[in-house]
Each structure stands twice: as structure tokens, then as C-alpha cells.
Colleague: 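My structure is below; once you've seen it, I'll send some questions.
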Amino acid sequence: MYKIYTETLFVGKETIFLPVCHSTNTELNQLLKKQEKVFEGTVVITDSQTAGRGQVGNSWEAELGKNLTFSVLFYPSFLSSKDQFFLPIFTSLAIVEALKEYGCFSIKWPNDIYIENKKLGGILIENNLHGQVIEHSIVGIGLNINQEFFKEKKAVSLKMILQNDLSLEIVLKNILESLEQYYLVLKSGNQDFLKKRYLSYLYKYEQLHFFKIKEEIVEGIIKGIDENGKLIVQINGKLNSYGIKEISFL
Ligand code: BTN
């Protein structure tokens with residue numbers, strides 16, 4: 001059970017706690033189908049997901065009650081579907097800023113939360129589009145807080161970094177408040193500000209790094225993101241843009 005009193009206008013004002021569920025993203029989606037009105041900012045949170053979903057069809061694992069696994073509902077009808085990549089931008093920015101007191105986190109494109117070369121958290125955003133309009137967006141967030149052992153060798157938790165247990169409620173409150181702040185920046189139309197700030201946290205930005213592109217290993221430098229949210233990488237002096245399924249970091 002979570003007792004959170006967020007100092008927000010709408011994010012976290014409605015919170016649904018499920019001790020166990022398949023996936024908080026799926027639960028929120030089902031709620032939207034069966035309930036006429038679901039308030040913007042509604043949070044679905046669980047202690048245990050039996051079928052937690054990650055990006056590109058991966059699964060998401062978290063030990064019972066040790067980590068944060070939750071989803072937040074937004075209605076970003078002000079955003080055109082071609083600009084939907086600003087949703088992972090505002091979300092990842094809100095998270096790294098909310099976690100500042102625990103360490104220097106970075107954002108691995110498009111929206112993994114990293115510290116050095118380890119992954120602390122991931123985001124799965126599922127949008128419902130109607131033509132050019134985004135009708136709703138389910139922002140699913142998984143953050144490793146108090147878990148100490150992972151199958152995935154790149155995974156890290158706040159406990160592993162800080163050597164002590166943290167209150168899930170406090171971290172959640174900070175994140176929800178930050179999410180609302182950054183969502184309101186997005187709503188105000190200040191996309192340039194968000195993009196600049198996002199780049200300031202971008203993992204391996206302006207650094208030479210190895211990538212895998214179409215089964216080939218190449219060395220390149222991340223130069224930014226293009227107008228579709230694709231990653232711009234300079235390879236042999238040439239700039240190319242890549243989507244999530246087209247490039248992986250080595
Ligand atoms: C990734 O890095 O692959 C994204 C992981 C997203 C996991 C979260 S946990 C809460 C929400 N519910 C899900 O099934 N997935 C997201």
C-alpha cells in the first residue's frame with residue numbers, strides 16, 4: 001500500500017494500488033476501456049507485476065515490493081502525433097531531475113535511466129492516437145530502488161549505489177511532482193527548452209562510442225535527436241538518423 005500526498009494539481013491525485021497485476025500499463029488501459037471518465041494524472045501502482053513489459057517486446061522484472069512499478073495517465077491532446085517523442089523526453093527528464101539527490105543520472109536514448117554504464121530504470125509509453133491527435137498516453141515507469149540482485153547484469157538499484165534502503169513512497173512522490181512540472185512545460189509549448197535540457201543529460205552525447213547498425217559494428221558520435229525524435233549519429237563524418245529498432249549501443 002502506498003500513502004502519497006503529492007503537492008500537485010492532478011498527477012497522483014487519483015491512485016490505484018494493486019498488490020499484484022500483470023502490468024500496470026495494461027491495467028490502466030483496461031480501466032480506460034471500462035470506466036467512462038478516468039482523471040488525467042491517475043496512477044496505477046503495484047508491488048508485483050506478473051507480466052511487466054519493457055521496450056521492443058522485452059519483459060520487465062522487479063522483485064516483490066522492492067522497486068517502483070507504476071503507470072500514469074495523460075491526455076496530451078495539445079501535442080500532435082508527429083511530436084509524440086516529446087513524451088519520453090519530458091518523462092525521462094522529470095525522472096533524472098527528481099533523482100538528483102541520489103546521484104548523477106543520465107538518459108540513454110530514448111528513455112532509459114542510467115548511472116555510468118548501468119541501468120536504473122526504464123519507461124514504456126503507450127499512446128492512443130486518433131489521426132494527428134494523441135487521445136491518451138500511458139506512461140509506464142519501472143525504477144530499481146531496493147533490489148540488490150538482478151539477472152540482468154547491466155541493472156543497478158538506488159540501494160546498490162547508496163548502500164541503504166529507500167522509502168518507495170518518498171521517491172514516488174518526488175517523481176510524480178517532477179512529472180507534473182515537466183508535463184506542464186510540455187503543455188506550455190516550450191519544446192526547445194525540453195530538448196536542450198534532455199541533451200544535457202544524454203548518455204554518450206558528443207562522445208565516440210560503438211554501435212550496432214544492421215548487424216554491423218560502427219564507431220560514431222551522438223550529435224542529438226532529429227525532428228522525429230530519432231538519434232543523430234555521426235559516422236565517418238556523415239550524419240545519419242536512427243529509430244529505436246535500427247541502432248543499439250554496444
Ligand atoms: C524498458 O526499459 O524496457 C521499459 C520498462 C518499463 C517498465 C514499466 S514497469 C511499469 C509499467 N508496466 C509495464 O508493464 N511496464 C512499465
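Indexing begins at 1, ligand by ligand and atom by atom, following the structure's order.
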Colleague: For a salt bridge (Lys or Arg N to Asp or Glu O under 4.0 Å) check, start with the C-alpha distance between Glu126 and Arg53, then their side-chain angles and the critical distance, and finish with the verdict.
Modeller: CA-CA 11 Å; Glu126 295 177 304; Arg53 294 185 283 115; 2.6 Å; yes
Colleague: Counting from 1, what ligand 1 atoms have a heavy atom of Gly54 closer than 4.0 Å?
Modeller: 1 (C), 3 (O), 4 (C), 5 (C)
Colleague: Among all protein non-hydrogen atoms, which one is nearest to atom 1 (C) of ligand 1, and what is the separation to 0.1 Å?
Modeller: Gln55 N, 3.5 Å
Colleague: With a 4.0 Å cut-off on N to O distance, would you call Glu216 and Lys212 a salt bridge?
Modeller: no
Colleague: What residues, two or more places apart in sequence or in another chain, satisfy side chain to side chain contact (heavy atoms under 4.5 Å, CB included) together with Gln163?
Modeller: none
Colleague: List every atom of ligand 1 that sits less than 4.0 Å from any heavy atom of Phe70, numbering the atoms from 1 in the order shown and giving each element.
Modeller: 10 (C)
Colleague: What atoms of ligand 1 come within less than 4.0 Å of a heavy atom belonging to Gly52?
Modeller: 14 (O)
Colleague: Shortest non-hydrogen contact from Leu64 to Ser48?
Modeller: CD1-CB, 3.4 Å
Colleague: I'd like to know if the side chain of Asp226 and the backbone of Ser241 have a donor-acceptor N/O pair within less than 3.5 Å.
Modeller: no
Colleague: Regarding atom 7 (C) of ligand 1: of the candidates Arg53, Glu126, Glu61, His22, which has the closest heavy atom?
Modeller: Arg53
Colleague: Can you name the atoms of ligand 1, numbered from 1 with element, that are less than 4.0 Å from a heavy atom of Thr24?
Modeller: 10 (C), 11 (C), 12 (N)
Colleague: Nearest to atom 2 (O) of ligand 1, what protein heavy atom do you find, and at what distance?
Modeller: Lys119 NZ, 2.6 Å
Colleague: Please report the shortest heavy-atom distance between Gln49 and Thr46, naming the atom on each side.
Modeller: CG-CG2, 3.5 Å
Colleague: For residues Lys13 and Thr8, report the shortest heavy-atom separation together with the two atoms involved.
Modeller: CE-O, 2.9 Å
Colleague: I need the atoms of ligand 1 closer than 4.0 Å to a non-hydrogen atom of Trp60, numbered in the order shown.
Modeller: 2 (O), 5 (C), 7 (C), 9 (S)
Colleague: Find out whether the Lys NZ or Arg CZ of Lys108 is both under 6.0 angstrom from the six-membered ring centre of Phe249 and within 45° of the ring's axis.
Modeller: yes
Colleague: Check each heavy atom of Thr26 against ligand 1 and say whether those closer than 4.0 Å belong to the side chain, the backbone, both or neither.
Modeller: neither
Colleague: Does any N or O atom in Ser23 lie less than 3.5 angstrom from one in ligand 1, N or O only?
Modeller: yes
Colleague: Could you list all the ring-ring contact (aromatic ring centres under 6.0 Å, His included) pairs where at least one residue sits in residues 111-135, not counting sequence neighbours?
Modeller: Tyr114-Tyr203
Colleague: Under 4.0 Å from any heavy atom of Asp112, which atoms of ligand 1 are there?
Modeller: 2 (O)
Colleague: Measure the distances from the heavy atoms of Asn25 to every atom of ligand 1 and state whether one is below 4.0 angstrom.
Modeller: yes
Colleague: Among all protein heavy atoms in this structure, tell me which lies nearest to atom 12 (N) of ligand 1, with the distance rounded to 0.1 Å.
Modeller: Gln49 OE1, 2.9 Å
